[in-house]
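Below is one structure; the comments refer to it alone.
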2 protein chains.
Amino acid sequence: MTTSTRAKQSGSGIAREGGLANEVLEFVWRRREVSRAEIARRTGRSRSTISEAVARLLPTGLIEEVGSGESRGGRRPILIGFRDDASTILGVDIGAAHVSVALTDLRGRILEWREENHPVRSDPHGTAALAVKLGDACLAARGPGAPDPMGIGVAVPSPVDPLSPYRILERILPAWHEFDLLGELRGHFGIPVFFDNDANLGALAEHHWGKAVGIDDFAYLKVATGIGAGLMIDGEIYRGATGVAGEIGHVAIDPRGPPCVCGNRGCLATFVGTRALVARTRTLLSDFPQSVLAGTDPDIWALEDAALADDPLALKVVDEAARNLGIVIAGVLNLMNPGSVILGGSLARLGDRLVKPLKEAVASRTLVASAAASDIRTSELGPRATALGAATHVLVAALADPSLFPGVKAR
Amino acid sequence: MTTSTRAKQSGSGIAREGGLANEVLEFVWRRREVSRAEIARRTGRSRSTISEAVARLLPTGLIEEVGSGESRGGRRPILIGFRDDASTILGVDIGAAHVSVALTDLRGRILEWREENHPVRSDPHGTAALAVKLGDACLAARGPGAPDPMGIGVAVPSPVDPLSPYRILERILPAWHEFDLLGELRGHFGIPVFFDNDANLGALAEHHWGKAVGIDDFAYLKVATGIGAGLMIDGEIYRGATGVAGEIGHVAIDPRGPPCVCGNRGCLATFVGTRALVARTRTLLSDFPQSVLAGTDPDIWALEDAALADDPLALKVVDEAARNLGIVIAGVLNLMNPGSVILGGSLARLGDRLVKPLKEAVASRTLVASAAASDIRTSELGPRATALGAATHVLVAALADPSLFPGVKAR
DNA sequence: CTGACTTTGTTCGGTTGCCGAACAAAGTGC
DNA sequence: GCACTTTGTTCGGCAACCGAACAAAGTCAG
């Protein structure tokens with residue numbers, strides 16, 4: 001009870017401390033070019049108040065006057081623009097077997113990109129060293145004008161408990177027990193480090209740069225080695241009571257299905273995880289001698305490529321996966337009624353080949369019309385989505401509290 | 001995008017308009033008796049500020065000085081108390097086949113109670129007339145000191161879309177198409193009318209008066225004619241993008257299960273709804289000649305009574321229902337990670353007879369330890385929970401905006 | 001081209017909400 | 001009895017925000 005009071009406290013507290021400047025800064029960021037009068041109209045404040053807030057923000061270099069706009073029947077407005085190149089952000093994607101790092105500007109543009117495979121599960125120290133190496137490489141390669149990064153975002157393939165952020169990975173990655181990845185990164189780069197679950201950050205990336213721009217309630221499903229969901233509710237990532245919301249890989253979709261590593265039967269992961277799809281493909285190889293995959297030892301990339309070429313074997317595997325995913329997505333729609341469902345992970349590049357059977361499976365399992373009407377789409381952000389989402393996390397934090405930006409005074 | 005900006009606007013806007021008084025009022029309500037200094041400490045405001053806010057609230061009659069508390073080593077504090085009897089609220093529960101009305105005070109105490117069976121589905125006008133009749137009866141029966149009601153809360157057995165609140169019931173109750181229940185009630189009683197889905201309001205009742213006091217993230221499942229869930233996220237009811245979140249009756253739990261009225265197979269409602277349980281009991285009657293139900297034509301009440309008496313047939317039916325419910329609850333835990341799951345509806349009175357097999361089914365279907373540890377409990381609010389929740393809805397609205405209280409000036 | 005009207009952005013006085021310091025009242029404890 | 005605490009109030013002051021007024025810069029009808 002005290003906690004809930006505190007939470008509400010800090011809610012209004014932020015607005016009191018940061019004043020109007022934060023709100024104006026975020027507004028300018030979102031609108032890119034906007035006049036003082038327009039800000040006043042859209043935020044409900046008076047022009048004089050906005051003028052004052054802009055005057056306080058201009059010296060920070062985060063916004064600037066960028067010329068004049070069209071007249072609306074009177075004096076031309078002076079447009080205020082956000083300086084996307086005022087700083088940079090490092091986004092780190094720790095996968096099950098790879099590490100990738102993106103250097104972005106403040107508009108989600110990837111300025112540099114480095115990627116390397118690595119046995120992440122078993123080697124935390126090597127993973128941290130690799131992240132540092134790739135991060136340094138990004139910084140070294142950036143153009144002469146690009147400023148130093150202001151923060152680091154890290155995506156981890158594991159639930160993140162907001163209440164105890166420092167012992168996180170141990171549940172799913174036992175070798176990582178008590179290893180302080182964040183401390184290593186902060187120690188080397190000397191800037192703030194944020195982190196979160198990879199599916200959550202994928203959802204954040206979609207919300208800012210992808211198919212969920214303008215949608216504040218949606219579910220993002222990432223199909224990779226594991227299957228995870230990132231839930232955005234009212235514009236914010238929802239983590240649940242202990243930070244494990246969205247762990248849908250082991251939702252049971254068939255009580256008579258095959259056994260799973262988790263000890264149950266018929267988990268979604270036994271049908272739709274990357275390994276399950278590859279295994280299923282191999283099983284079906286003998287039935288499809290005409291397939292382009294016949295005679296090969298396919299991996300997930302070959303499977304996807306074959307599906308994109310309309311290979312019958314690959315399409316059958318994708319179709320089955322879509323129907324199984326559909327069972328879980330129908331459950332998500334019935335329970336949470338998101339405005340949209342975005343599919344991420346490498347499978348997303350299959351587009352309609354995945355979505356069409358998925359929609360059929362979902363439509364036959366949702367009662368309420370508006371839930372069934374919820375649109376299901378594939379991400380177009382590609383393999384860099386997770387690292388981009390990690391960087392976006394830092395951007396969101398900085399826009400909410402500009403004191404994180406170097407050179408910006410806290411008050 | 002504009003919408004989301006507006007939403008944030010109104011968020012900080014409320015705090016600006018209502019000032020501190022609202023916050024203090026809600027705080028006093030929650031703490032029942034608390035001194036000015038204590039409020040100042042817990043809200044982070046200065047004593048002088050709180051003193052001023054209290055001075056503005058005292059003339060409204062909603063709070064009063066109720067004596068002095070224990071000294072903490074200095075002057076004794078003057079305790080401020082909330083006047084639970086300053087007003088009353090009507091809570092109306094529209095069920096599938098009954099209408100019940102509660103008259104409560106501002107502390108959720110039920111002062112009067114009226115209930116009557118009625119063919120709600122097919123007779124909207126008669127239902128409205130009955131609600132008016134029962135409400136009038138509650139008001140007529142109240143003691144001489146009890147004040148007039150300040151608002152009416154209505155629970156309806158149908159999703160409620162917050163964006164179009166006036167055409168709601170038609171989806172599930174076709175006869176109600178375009179019938180303005182709220183207008184009828186407002187017209188007769190002349191006070192504000194609020195309404196929401198019954199499962200949502202059940203969750204609200206648990207949050208204020210039941211097993212979820214102090215828990216801000218939980219799921220409430222109501223098993224009745226239909227099955228619905230009320231989701232509380234961060235202390236607020238979550239409705240989803242179009243208001244149908246929590247409609248879990250038609251989540252598929254067995255793709256090879258029996259056909260459902262919704263057109264699919266193996267929906268939860270075909271296994272666990274009231275009618276399904278009764279039908280299942282009848283089917284099993286011949287196998288349990290020793291059952292107390294043998295030779296009878298049992299209804300849901302008889303089934304529950306038999307289970308409470310440890311009748312083997314009834315226990316078997318309950319056990320099966322628990323395992324089927326467990327499949328869906330496991331999905332809810334994996335997806336949303338609520339801090340608690342509360343079971344409502346009449347089945348809740350079975351207590352551990354329901355919860356024990358339920359927990360077993362859930363434990364075998366949830367991977368992450370903290371999700372599996374989530375506690376599952378039965379409601380203890382009884383058959384009046386929904387009407388109480390409807391009244392609570394009005395209370396919450398009034399505490400957030402005291403101008404709803406008669407006699408309280410808007411500013 | 002001119003004059004009436006709009007829109008923008010700034011300046012300035014005033015209101016509001018909240019805080020901190022100071023103080024009286026009322027208590028505790030050695 | 002005396003030093004110290006805590007409570008609640010009063011009062012001066014600060015910061016945020018607003019509205020009115022105004023100059024600058026534009027549109028548009030004639």
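Each chain gets a letter, A, B and so on, in the order the sequences are listed, and its residues count up from 1. Note that the structure is predicted; figures quoted are calculated from it, not measured.
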Quick one: [X] [atom1] to [N] [atom2], roughly how many Å, whole number?
{"X": "B:Ile78", "N": "D:dT6", "atom1": "CD1", "atom2": "C1'", "answer": "12 Å"}
{"X": "B:Leu79", "N": "D:dT7", "atom1": "CG", "atom2": "P", "answer": "11 Å"}
{"X": "B:Arg47", "N": "D:dG8", "atom1": "CZ", "atom2": "C1'", "answer": "7 Å"}
{"X": "A:Ile50", "N": "D:dA16", "atom1": "CD1", "atom2": "P", "answer": "13 Å"}
{"X": "B:Leu58", "N": "D:dG8", "atom1": "CG", "atom2": "P", "answer": "12 Å"}
{"X": "A:Glu70", "N": "C:dT8", "atom1": "CD", "atom2": "P", "answer": "13 Å"}
{"X": "B:Arg56", "N": "D:dG8", "atom1": "CZ", "atom2": "P", "answer": "17 Å"}
{"X": "B:Glu52", "N": "D:dT7", "atom1": "CD", "atom2": "P", "answer": "19 Å"}

Sub-3.5 Å pairs of nitrogen or oxygen atoms, protein against nucleotides 23-26 of chain D:
unit_1 : atom_1 : unit_2  : atom_2 : d
D:dA25 : N3     : A:Arg75 : N      : 3.3
D:dG26 : N2     : A:Gly73 : O      : 3.4

query: Just checking, any donor-acceptor pair under 3.5 angstrom between side chains of A:Tyr238 and B:Asp234?
result: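 The criterion, which ignores hydrogens and geometry beyond distance, is not satisfied for B:Asp234 and A:Tyr238.
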
Residues that [X] engages under side chain to side chain contact (heavy atoms under 4.5 Å, CB included), provided they are two or more places apart:
{"X": "A:Pro192", "value": "A:Phe194, A:Leu404"}
{"X": "A:Leu79", "value": "A:Glu33, A:Ser35, A:Val66"}
{"X": "A:Ala102", "value": "A:Thr104, A:Ile110, A:Trp113, A:Ala387"}
{"X": "B:Ser48", "value": "B:Ser46"}

Show me, pair by pair, the donor-acceptor contacts under 3.5 angstrom made by side chains of residues 202-215 of chain A, not counting sequence neighbours?
unit_1   : atom_1 : unit_2   : atom_2 : d
A:Glu206 : OE1    : A:Lys211 : N      : 3.0
A:Glu206 : OE2    : A:Ser379 : OG     : 2.4
A:His207 : NE2    : A:Ile215 : O      : 3.3
A:His207 : NE2    : A:Asp216 : OD1    : 2.9
A:His208 : ND1    : A:Leu204 : O      : 3.4
A:Trp209 : NE1    : A:Thr392 : OG1    : 2.8
A:Lys211 : NZ     : A:Thr378 : O      : 2.6

Residue list, side-chain hydrogen bond (donor to acceptor under 3.5 Å, both in side chains) with [X], at least two apart or on another chain:
{"X": "B:Glu64", "answer": "none"}
{"X": "A:Asn200", "answer": "A:Asp196"}
{"X": "B:Asp84", "answer": "B:Arg107, B:Arg109"}

Find every protein N or O atom lying less than 3.5 Å from an N or O atom of nucleotides 2-4 of chain C, and list the pairs.
none

OP1 or OP2 of C:dT8 sitting under 4.0 Å from any side-chain N/O of A:Arg41?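 Result: yes.
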
Quick check on DNA chain D: between B:Glu65 and A:Ser46, whose nearest nucleotide comes earlier from the 5' end?
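Between the two, 5'-proximity favours B:Glu65.
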
Inset, instruction - Look only at the side chain of B:Arg45 and the backbone of B:Thr49, and say whether a donor-acceptor pair between them is shorter than 3.5 Å. - result: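 No, B:Arg45 side chain to B:Thr49 backbone: no donor-acceptor pair under 3.5 Å.
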
Legend entry - Sequence neighbours excluded - side-chain hydrogen bond (donor to acceptor under 3.5 Å, both in side chains) pairs with any residue from residues 68-83 of chain B: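 For residues 68-83 of chain B, and leaving out neighbouring residues, the side-chain hydrogen bond (donor to acceptor under 3.5 Å, both in side chains) pairs sorted by first residue read B:Arg83-B:Asp85.
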
What does the list of N/O pairs under 3.5 Å between the protein and nucleotides 10-14 of chain D look like, with a distance for each?
none

(message) Side chain of A:Arg72, heavy atoms from C-beta onward: which of C:dT8, C:dC18, D:dG8 has the nearest atom to it?
(response)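 Selected nucleotide (nearest to the side chain): C:dT8.
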
